[in-house]
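Read the numbers this way: they start at 1 and go in the same order the structure lists the ligands and their atoms.
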Amino acid sequence: VDGPLAGLKVAIVGGSVIGCAAATALAAAGADVTVLERSQSELETRGSVLGLPGRLIPSLLERNLLTSDFVWRQIPNRQWLVKDGDEPMGRLIWEQPFTISSVSWAALFQGFRNNVPDSSYRKGSEVTAVADDAAGPRVSLASGEVVRANLVVAADGYLSGVRERLFGGGVEQSYSGYVVWRGWFDEREGLLRSVEHLEGPMKTVGFEHGHASVWLVPSSESAQPGRRQVTWNIYGGPLPPGILTENGAVMSVPPGRLSTEQRAFLHDLVDEVFPPLLADVVKVTPQPALTPVYDVKVPSLAAGRIVLVGDAGTVVRPVTGSGAVKGVEDALALADALVRTGGDVDAAVAEYNAERLPIDLGLVDLGQRMGVALVDDVPDWPSLSAEELEGWMADAMSGWYATEEAADASRQHLR
Ligand SMILES: Cc1cc2nc3c(=O)[nH]c(=O)nc-3n(C[C@H](O)[C@H](O)[C@H](O)COP(=O)(O)OP(=O)(O)OC[C@H]3O[C@@H](n4cnc5c(N)ncnc54)[C@H](O)[C@@H]3O)c2cc1C
């Protein structure tokens, strides 16, 4: 392939959404990429929906990194609700100016995956070691094979083995103290009599130990009524039975694996704190799941000619809706730095780290700040006026794209 990076060999560890985003951006500039993915099977069922800043998808379309049939939808505003007796949708306490684009995880993954030819995407390739010394950057596989490259990109996710090998004790990892319950189902499954009450703004419920969002988002194929997906996330609340390991760590429970007691616990929680129509959304969900929330910080995103991108670098809280965004922007910044430096790997790696490390660490801090405000130390939502909520929120969410973009749009509108 022609392009400014022609001749540059890049080995990418991990072929999920960010590994494929990196492969897409680097190959578009002419690099010769090989993606090494441990899993034998296709990954498309991994996630539900992603919230993204409004700027991201248009910029990916403009750069031809996604195709024009890519499915996404802008969500207008966010309604803050509290339970109010039997009132079906509770009481609206504030409609927050808010812009967020929604895409299905599967669509974003597939959008990038389609750009990587099967001959460059090696399934069933487990990486066991990475190195960069006098012999050059290289990756060792469980099969014994060694893959040599000019640059190694680690996109091996939140439990990154590459991060651990490079930085070990230098990695700061901490449990936030709370979990996210989440679930999704297709509108066409007909589990709800109607989804009319979920149209328009995102619905967010504030309760005593946290908050929750329910929204109607595109499926991987379509954003048209009848073919969308209903998705919800609950951040915080008391811990359910049976999720602690012997050493006190909290385990995640994948879709379909909640015990009968855990499910009953979830249903009791939503009956207690959700308006009835939103509690129903959770209770009809066939396969809810649960994920403990961790923060991960690294001392650097690079060691020699090995770089970290996406969750392999820092891990940010889901409440920021930023993990995938951060990873895609890491991938773009890396490709841009390589192009800018004319393929000088050492210079590009230094530029990449200098540009992205402060941003990626800043997002971890933002997630912690939002976690305190929206889970650990929530206000007494029902007693707040819209004005009080607005002031409080401006503090809690300053620096977050969903509120900053809305503020920019309203400034432009006033001008
Ligand atoms: C509840 C929840 C909600 C979220 N909501 C949002 C949101 O609204 N917006 C947003 O932007 N982000 C969101 N995120 C975050 C987002 O989902 C992640 O940041 C993103 O999926 C990370 O992608 P990744 O490719 O870096 O890692 P992963 O998807 O974890 O992929 C890592 C890949 O590496 C492979 N791998 C691992 N080890 C090896 C090895 N040794 N050899 C070879 N391959 C290996 C794995 O098999 C896997 O395919 C959310 C996350 C959660 C938990």
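Atom CG of Asp311 is separated from atom CG of Leu159 by 9.5 Å, given to the nearest 0.5 angstrom. Of the inter-residue distances, the one linking Leu192 atom CG with Phe185 atom CZ reads 4.0 Å to the nearest 0.5 angstrom. If you take CG on Leu278 and NE2 on His197, they are separated by 6.0 Å, rounding to the nearest 0.5 Å. Of the inter-residue distances, the one linking Arg78 atom CZ with Thr403 atom OG1 reads 9.0 Å to the nearest 0.5 angstrom.
Using a 4.5 Å cut-off on side-chain heavy atoms (C-beta onward), Leu332 and Leu60 make contact.
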Salt bridge (charged side-chain N to carboxylate O under 4.0 Å, His left out), that's the test. Do Asp156 and Arg38 meet it? Break it down for me. CA-CA 9 Å; Asp156 54 342; Arg38 178 171 59 192; over 6 Å; no

Ring pair (Phe, Tyr, Trp, His ring centres under 6.0 Å) evaluation trace for Phe98 with Trp400: CA-CA 10 Å; Phe98 179 85; Trp400 188 33; 5.7 Å; yes

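Considering backbone and side-chain N/O of Ala312, none are found under 3.5 Å from N/O of ligand 1. In terms of N/O distances under 3.5 Å, ligand 1 is approached by Ser16. At a 3.5 angstrom cut-off on N or O pairs, Val127 counts as close to ligand 1. Backbone and side-chain nitrogen or oxygen atoms of Thr291 are examined, and none is located within less than 3.5 angstrom of a nitrogen or oxygen of ligand 1. Note: no N/O pair closer than 3.5 Å links Val13 and ligand 1 by distance alone. At least one N or O atom of Asp311, backbone or side chain, sits closer than 3.5 Å to an N or O atom of ligand 1. Where the criterion is an N or O separation shorter than 3.5 Å, residue side chain and backbone included, Ile18 meets it with respect to ligand 1. For Val49, no nitrogen or oxygen atom sits less than 3.5 Å from a nitrogen or oxygen atom of ligand 1, counting backbone and side chain alike. Residue-to-ligand polar distances place Arg38 within reach of ligand 1: an N/O pair is separated by less than 3.5 Å.
Neither the backbone nor the side chain of Val316 has any atom closer than 4.0 Å to an atom of ligand 1 (non-hydrogen atoms only). Contacts between Ser322 and ligand 1, counted as non-hydrogen atom pairs separated by less than 4.0 Å, involve the backbone only. When non-hydrogen atoms are compared, ligand 1 lies under 4.0 Å from the side chain of Arg182 (C-beta onward) but not from its backbone.
A 6.0 Å sphere centred on OH of Tyr158 holds no more than 12 heavy atoms belonging to other residues, nucleotides or ligands. Counting non-hydrogen atoms of other residues, nucleotides and ligands closer than 6.0 Å to CZ of Arg257 gives a total of 12 or fewer. By the neighbour-count criterion of 12 heavy atoms within 6.0 Å, atom CD of Glu208 is sparsely surrounded, having that number or fewer from other residues, nucleotides or ligands.
Between Gly51, Gly323, Pro292, it is Gly51 that holds the heavy atom closest to atom 8 (O) of ligand 1. Nearest residue to atom 46 (C) of ligand 1 from Lys326, Gln40, Glu37 is Glu37 (criterion: closest heavy atom).
Proximity to Val17 (heavy-atom distance under 4.0 Å) selects the following atoms of ligand 1: 21 (O), 23 (O), 25 (O). Ligand 1 places these atoms under 4.0 Å from at least one heavy atom of Ser125: 42 (N), 43 (C). Atoms of ligand 1 lying under 4.0 Å from at least one heavy atom of Val325, given by number and element, are 11 (O). Each of the atoms 43 (C), 44 (N) of ligand 1 lies under 4.0 Å from some heavy atom of Leu36. Within ligand 1, counting atoms from 1 as listed, the ones closer than 4.0 Å to a heavy atom of Gly14 are 34 (O), 35 (C), 44 (N).
Between Ala155 and ligand 1 there is a heavy-atom distance shorter than 4.0 Å.
For Trp184 and Trp232, the ring centers are positioned 6.0 Å apart or more. Ring pair Trp381/Trp392: centre-to-centre distance below 6.0 Å.
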